[in-house]
Structure formats: structure tokens, C-alpha cells
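Note that the structure is predicted; figures quoted are calculated from it, not measured. Reminder, nothing fancy here: chain letters follow the sequence lines and each chain counts from 1.
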Amino acid sequence: MNAYKRLQETFYTRGDVLTIARELLGKQLVSFSEGQLTAGIITETEAYNGIIDKASHAYGDRRTKRTDTMYQGGGIAYIYLCYGIHSLLNVVTNISGIPHAVLIRGIYPVAGQEIMSRRIGRKISAKEGIGPGKVTKLLGLTYADDREDLIRSNKVWIEDADVLIPDNHVMITPRIGVGYAGEDALLPYRFMVDGKIIKL
DNA sequence: CGGCCGATCCACT
DNA sequence: GTGGATCGGCCGA
């Protein structure tokens, strides 16, 4: 039923986190959580550029129990709790020792919409999934799923679903909610789909 | 050890 | 437009 190809390690371990954040647009994020399959096309991402990026948890090479996940090799999930309530899903990139990550901020639901509705407590709209806290809620993921292996896990992974997002439908802006990051708050590290998703 | 605050969302005014 | 929910990480004393 589903012949889509899961993204492999070579996709995640590349050095340019901005390129990966851009290329994740249109990819299909799938979760098989609580025995339920849900999936969405990624529509919004943000890049976090490691120890030199003031907006990153790993700024200044701050390696703690929490940020240690980002120091692992690319291809795993970094999920942490924000505002005490929301679990935020990131994709760890680059090689082991370099704490790069891409925050998944938005998805367009394509499978398991009824499951998603139940998880969120009401019917989802077509544009549901905007906002990183909502992404994890729809997919049934929490910070307990931190470090899940996107390449080998049967709980959460990302695959190429033959969705093409042309450059003229990609909007690039500064990141959200990172005012504390000084001049780095202005960097154009946020990528979002503007307009139609084109399925081949 | 205490206190502040964050890569947010939603209900309510 | 705004404030409440809710908790772990981090910093300063």
C-alpha cells in the first residue's frame, strides 16, 4: 500500500542544516503510535545551526542531558518539552558531535485524520497542524519519544512521498519565538510552503 | 536551592 | 488581544 522510500542516513548527516530544512518541505512525516498510523506532509521547518547559533539550545557548546540528543549522529528525533506543555519535534542532522537540528513546525495531514481529531479533542481542519506543539499532538508523540531513530524506528520516520515543492512556493523568514537570540533572531532560517502542494 | 522563563496553544474578553 | 496552563533546564546566590 505504501511504496514510499524512507529517508536514509545520508540525507540527515549532510553538513548544511539549511539545505536539509529546505528539502524536508514536502517530505512525509509518519508515525505509528498507539497502534495508529498517522501522517502529514511537512509544510514548515526551522534550522538550528549548532553551537554558533544563539537560538539553539546547544549555543556555546552547551552539552547537557537534554541537548545531548542533538550531539548524536543525524537521523534521530530530538523532542523536548516547551512551556511545560508542548512537545516539540526536531530532526537531528549532521554527524555525531555537531549539534544541528531542524524543528518541524507544520504538517498537512494526509492519513489518519480521524485519529488526529481524537487526539486533539475536536475535528481537524484542512490546515490543521500549523504550530510545532500541534504537530506532535496530532502524531501522538511526546518528549518520551526523544532519540527515536528515524531511520530504523517503527514508531516515527520520514519518507519521500514524491511531493515537489518548487522554490517559488517556498517562503523564507526569520524564526519564531527566538527574540532572546539577539542578531541571530533575524537569520532567514524558517522555511514554509506558500501555496499549493504539488503531488507527482 | 529558589526562581525565572521558554523553539506554544487555546479559551475567553 | 491577552493570560493561564504547567514543568524542566539553567543561572545566580
Side-chain angles (χ1 to χ4, degrees), chain A residues 12 16-22 24-25 27 29 31 38 40 42-72 74 76-94 98-109 113 115-148 150 156 158 170-193:
Chain A
Y12 299 105
D16 185 355
V17 68
L18 293 173
T19 296
I20 298 174
R22 161 65 179 91
L24 279 172
L25 293 179
K27 295 296 188 289
L29 176 60
S31 92
T38 50
I42 296 172
T43 57
E44 185 177 342
T45 61
E46 281 179 4
Y48 285 84
N49 194 27
I51 65 176
I52 60 168
D53 181 353
K54 290 181 181 168
S56 171
H57 293 163
Y59 173 64
D61 204 14
R62 184 162 48 205
R63 189 165 185 161
T64 66
K65 186 172 183 191
R66 177 173 69 151
T67 65
D68 189 68
T69 300
M70 276 195 283
Y71 284 81
Q72 305 306 304
I76 66 173
Y78 169 46
I79 309 182
Y80 74 95
L81 189 63
C82 188
Y83 292 105
I85 297 184
H86 302 287
S87 289
L88 270 53
L89 169 65
N90 298 251
V91 174
V92 175
T93 71
N94 216 311
I98 302 182
H100 286 184
V102 176
L103 171 66
I104 308 297
R105 288 191 57 89
I107 59 171
Y108 178 84
Q113 288 93 336
I115 315 291
M116 294 179 178
S117 297
R118 197 179 317 142
R119 284 175 178 153
I120 208 171
R122 62 193 149 70
K123 221 168 164 64
I124 61 172
S125 64
K127 290 204 75 169
E128 205 74 49
I130 302 304
K134 239 179 191 175
V135 169
T136 52
K137 188 154 191 187
L138 295 177
L139 295 175
L141 301 171
T142 73
Y143 57 88
D145 299 306
D146 185 43
R147 290 200 182 219
E148 200 70 28
L150 302 172
V156 55
I158 302 175
V170 175
M171 194 184 302
I172 304 177
T173 75
R175 293 170 291 187
I176 300 297
V178 295
Y180 58 86
E183 69 273 20
D184 285 354
L186 302 175
L187 295 170
Y189 282 5
R190 179 184 184 215
F191 300 82
M192 51 198 304
V193 176

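- Regarding contacts with the backbone of C:dC10, a side-chain N or O of A:Thr64 is found under 4.0 angstrom from either OP1 or OP2.
- Nucleotides B:dC10 and C:dG8 are separated by 22 Å at their C1' atoms, to the nearest Å.
- Rounded to whole angstrom, the span from the NZ atom of A:Lys137 across to the C1' atom of B:dC10 amounts to 9 Å.
- Although no hydrogens or angles enter the test, the distance criterion places no donor-acceptor pair under 3.5 Å between the side chain of A:Arg190 and the main chain of A:Thr45.
- Separation of the P atoms belonging to B:dC4 and C:dG4 is 15 Å when rounded to the nearest angstrom.
- Within the nucleic acid shown, A:Lys134 comes within 4.0 Å of sugar-phosphate atoms alone, with no base atom in reach, counting heavy atoms only.
- At distances below 3.5 Å, at least one donor-acceptor pair connects side-chain atoms of A:Ser117 with backbone N or O atoms of A:Ile124.
- For the pair A:Leu103 CG and B:dG6 P, the interatomic distance rounds to 16 Å; values are reported in whole Å.
- Residue A:Arg62 places at least one side-chain N or O under 4.0 Å from the OP1 or OP2 atom of C:dC11.
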Could you list, one pair per line, each protein nitrogen or oxygen that sits under 3.5 Å from a nitrogen or oxygen of nucleotides 2-7 of chain C, together with the distance?
from: C:dT6; atom 1: O2; to: A:Tyr83; atom 2: O; distance (Å): 2.5

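- Within the 4.5 Å cutoff, no side-chain heavy atoms of A:Asp184 are placed close to those of A:Val178.
- Residue A:His57 is the one, among A:His57 and A:Arg122, whose nearest nucleotide of DNA chain B lies closer to the 5' end (criterion: closest heavy atom).
- C:dG9 atom C1' lies 17 Å from atom CZ of A:Arg63, rounded to whole Å.
- In this structure, A:Asp146 contributes its side chain and A:Ile79 its backbone to a donor-acceptor pair below 3.5 Å.
- Looking at heavy-atom distances under 4.0 Å, A:Ile176 makes contact with sugar-phosphate atoms alone, never a base.
- Distance, A:Leu138 CG to B:dT8 C1': 14 Å, rounded to whole Å.
- Residues A:Asn49 and A:Tyr59 bring no donor and acceptor atom of their side chains to less than 3.5 Å of each other.
- Counting only heavy atoms from C-beta outward, the side chains of A:Thr43 and A:Leu25 never approach each other to under 4.5 Å.
- Put simply, the residue from A:Thr38, A:Ile115, A:Ile120, A:Leu29 that forms a side chain to side chain contact (heavy atoms under 4.5 Å, CB included) with A:Leu138 is A:Ile120.
- Mapping A:Tyr180 and A:Ile120 onto DNA chain B by nearest heavy atom places A:Tyr180 closer to the 5' end of the strand.
- As a whole-Å value, the separation of A:Tyr80 OH from C:dC10 P is 12 Å.
- A:Arg66 comes within 4.0 angstrom of sugar-phosphate atoms only, judged by non-hydrogen atoms across all strands, and of no base.
- The phosphate of B:dA7 has neither OP1 nor OP2 within less than 4.0 Å of any side-chain N or O from A:Arg190.
- Annotation: side chain of A:Leu141 is not in contact with side chain of A:Ser87 (no heavy-atom distance under 4.5 Å).
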Reading 5' to 3' and counting Watson-Crick or G-U wobble pairs with both distances under 3.5 Å, write the dot-bracket notation for DNA chain B, | for bases paired outside the strand. ||||||.|||||.

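- A donor-acceptor pair is defined here as one N or O able to donate and one able to accept, closer than 3.5 Å; such a pair exists between the side chain of A:Asp145 and the backbone of A:Thr142.
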